[in-house]
Amino acid sequence: MADITLLNDDAFSLSSLSAAINEQPQVPTRLATLGLFEEEGITTTVVQIERDGDTLALVPTGQRGSSGAVVVGSKRNMIPFNTVHLPQRATIGADEIQNLRAFGSETEMEAIQTVINKRLAKMRRQLDATHEFHRIGAVKGLILDADGKSVVANLLDRFGIKQTVISFELGKADTEIRIKCADLLDTIEDALGNTPFSGVRVLCGRNFWNRLIVMKAIKETYLNTAMASALRGDARDTFEFGGCTFERYRGRVGDIGYVADDEAWAVPEGVSELFITRFAPADYMETVNTNGLPYYAKQELMDFGKGVELEAQSNPIHLCTRPKAVIKLTA
C-alpha cells in the first residue's frame, strides 16, 4: 500500500514540484505560440517602465548669426506596475493515495507522483488560460481579472493616451480594404516613430473575420491562388493582404471571446520589448529575492496526516510598453 509519509521525501520538495509544473505541456494559446511577449524573471514584485516623452520636431530656418531654437531635455518618468498573484490550491486525500496499487515496475513513490502530476497539470492548464487572458488584455490596453470586470491594469490610463480606432467599414460593399490596410500601416508607423517593425498581425473576432473574407477585393485576390481552397472549405486560416497578416483569434471562455466578435486588434511584429512578461518570485521564504519562475508548486501535509495540500502559483505581469502602436479595428 502507498504510504503518505513518502511525501516527506525530497522528490516532493518546493524545487522538485516547481520543476514538475514548469515542465508540464503548455495549453495551446495563440499569443504564447506567436512569441510576441518577451518573458523574463525578476527578483522584485514591481516592474518599472521608463517612459521617454521625447518627440521629433522640425528646425525652422533662421538668419545666420541669430540664436537657434531652444532644445529642452527629455521628459522621462518611471511608471510602476505590480505583478499579479495567481494562486491555486488542491487537496489530495489520504484515501486517494491509500487505494493506489503498486504494480509492475511502478514503485509506490512513482504512483504517488503520478497522482500529483495529474493535479499539477490541471492547475497548469488553468494558469495558462489566465496568462493568455492577461496577454490579450495587454494587447487591448486593459487587463481584466477572471470575472471580466475588475481591472488589473489600465495601460492606456497609466500611459495617459487614448486608444486609436480605425473603422474598416466591412458593411459597405465598395470599401477599399487595401486602402484601409495602408492607413493602418501608416498609423502604426507614426506611433512607433523611428522604431522599425517587420509586419502587422491582425487578430480578428468572429464577425469581423466573417465579413472580411467575403469582401470583393479579398476574394478576387485569392481566387486564382493556392489560398482559393480556403474560400471553398474552412475559411479560418491565416492570410496576408495589403501588408498585413489576418487571422481569426479563437480564444474564448464560454460565450465570451477574448477578442470581441465585431473587433480586431492590429499588432506590429518584430519590435523589441513591445510586449513583455515579467515573473516575480513566489511568496515563500525559500524564494525571497530570487529570480522569478513562471510557475511554482508546493505541498504540505494536512492536519493529522489526512492528506496533502498542493499549491500552484504564478506571479506575472504582462505589459505592452507602447500601447499607442496597437490599433483597434471595428467592422
(request) Spell out, as yes or no, whether a donor-acceptor pair under 3.5 Å connects the side chain of Thr321 to the backbone of Glu273. (result) yes

(message) Within the supplied structure, the quantity of interest is the number of heavy atoms (other residues, nucleotides, ligands) at a distance under 6.0 Å from Asn289 CG; does it exceed 12?
(response) no

(request) May I ask you to check whether Phe133 and Tyr258 place their ring centres under 6.0 Å from each other? (result) yes

(request) May I ask you to check whether Trp265 and Phe208 place their ring centres under 6.0 Å from each other? (result) no

(request) Check whether the side chains of Ser16 and Ser13 place a donor and an acceptor atom closer than 3.5 Å, and report yes or no. (result) yes

(message) So for atom CD, which belongs to Glu300, do other residues, nucleotides or ligands contribute more than 12 heavy atoms lying within a distance under 6.0 Å?
(response) no

(request) Under the side-chain contact (heavy atoms from CB on, under 4.5 Å) rule, what do Ile213 and Phe239 come out as? Steps first, then yes or no, please. (result) CA-CA 10 Å; Ile213 60 176; Phe239 69 88; 3.9 Å; yes

(request) Look at the side chain of Thr91 and the backbone N and O of Glu309, then say whether any donor-acceptor pair between them is shorter than 3.5 Å. (result) no

Under 3.5 Å, sequence neighbours excluded: what are the donor-acceptor pairs made by side chains of residues 324-331?
unit_1, atom_1, unit_2, atom_2, d
Lys324, NZ, Lys162, O, 3.4
Lys328, NZ, Glu263, OE2, 3.3

(request) Report the C-alpha distance between Ile188 and Leu192 in whole Å, list the side-chain angles of each, state the deciding distance to 0.1 Å, and finish with yes or no for side-chain contact (heavy atoms from CB on, under 4.5 Å). (result) CA-CA 6 Å; Ile188 291 177; Leu192 290 175; 3.9 Å; yes

(request) Nearest 0.5 Å please: distance from the CD1 atom of Ile143 over to the CG atom of Asn154. (result) 9.5 Å

(message) What's the separation between atom CG in Leu301 and atom NZ in Lys306, rounded to the nearest 0.5 Å?
(response) 14.0 Å

(message) For the SG atom of Cys204 and the CZ atom of Arg250, what is their distance to the nearest 0.5 Å?
(response) 12.0 Å

(request) Could you tell me whether Glu311 and Arg89 make a salt bridge, using a distance below 4.0 angstrom between a side-chain N and a carboxylate O? (result) yes

(request) Indicate yes or no: does Arg30 engage Glu132 in a salt bridge with an N to O separation below 4.0 Å. (result) no

(request) Return the set of residues passing side chain to side chain donor-acceptor pair (under 3.5 Å) with Thr44 (not counting sequence neighbours), or none when no residue passes. (result) none

(message) So, applying side-chain hydrogen bond (donor to acceptor under 3.5 Å, both in side chains) with His318, which one of His134, His131, Glu39 is it?
(response) His131

(request) Could you tell me whether the side chain of Leu203 reaches within less than 4.5 Å of the side chain of Leu31, counting heavy atoms only? (result) yes

(request) Using the test salt bridge (Lys or Arg N to Asp or Glu O under 4.0 Å), find all partners of Glu176 that sit at least two apart in sequence or belong to another chain. (result) none

(request) Go through the steps to decide whether Ile42 and Phe279 satisfy the test side-chain contact (heavy atoms from CB on, under 4.5 Å), and finish with yes or no. (result) CA-CA 6 Å; Ile42 57 175; Phe279 295 106; 6.0 Å; no

(message) Could you check whether any side-chain N or O of Thr83 sits under 3.5 Å from a backbone N or O of Thr45, counting only pairs where one atom can act as donor and the other as acceptor?
(response) yes

(message) Assess, by modelled atom type and distance only, whether the side chains of Glu286 and Tyr296 contain a donor and an acceptor separated by less than 3.5 Å.
(response) no

(request) For Asp147 and Ser150, run side-chain hydrogen bond (donor to acceptor under 3.5 Å, both in side chains): C-alpha distance rounded to whole Å, both residues' side-chain angles, the deciding distance at 0.1 Å, then the answer. (result) CA-CA 7 Å; Asp147 59 6; Ser150 303; 2.8 Å; yes

(message) For Glu23 and Tyr295: C-alpha separation, side-chain torsions, deciding distance, then whether side-chain hydrogen bond (donor to acceptor under 3.5 Å, both in side chains) applies.
(response) CA-CA 10 Å; Glu23 292 171 0; Tyr295 308 90; over 6 Å; no

(message) Just to verify, which of Arg124, Arg125, Gln126 counts as forming a side-chain hydrogen bond (donor to acceptor under 3.5 Å, both in side chains) with Asp128?
(response) Arg124

(request) For the residue pair Asp283 and His85, establish whether any side-chain heavy-atom pair is separated by less than 4.5 Å. (result) yes

(message) Side chains of Phe81 and Val46, heavy atoms from C-beta outward: is any pair under 4.5 Å?
(response) no

(message) Using side-chain heavy atoms (C-beta onward) and a distance below 4.5 Å, is Val202 in contact with Leu184?
(response) yes

(message) Evaluate Arg322 against Thr195 for side-chain hydrogen bond (donor to acceptor under 3.5 Å, both in side chains), listing each step before the verdict.
(response) CA-CA 11 Å; Arg322 306 180 75 166; Thr195 303; 2.9 Å; yes

(message) For the CZ atom of Phe241 and the CD1 atom of Ile177, what is their distance to the nearest 0.5 Å?
(response) 7.0 Å

(message) Do Val115 and Asn117 have side chains that approach each other closer than 4.5 Å (heavy atoms only, starting at C-beta)?
(response) no

(request) Would you confirm whether Gln88, through its side chain, and Met123, through its main-chain N or O, come within 3.5 Å as a donor-acceptor pair? (result) yes

(message) Test your reading of the model: is there a side-chain donor-acceptor pair from Ser18 to the backbone of Ala297, 3.5 Å cut-off?
(response) yes

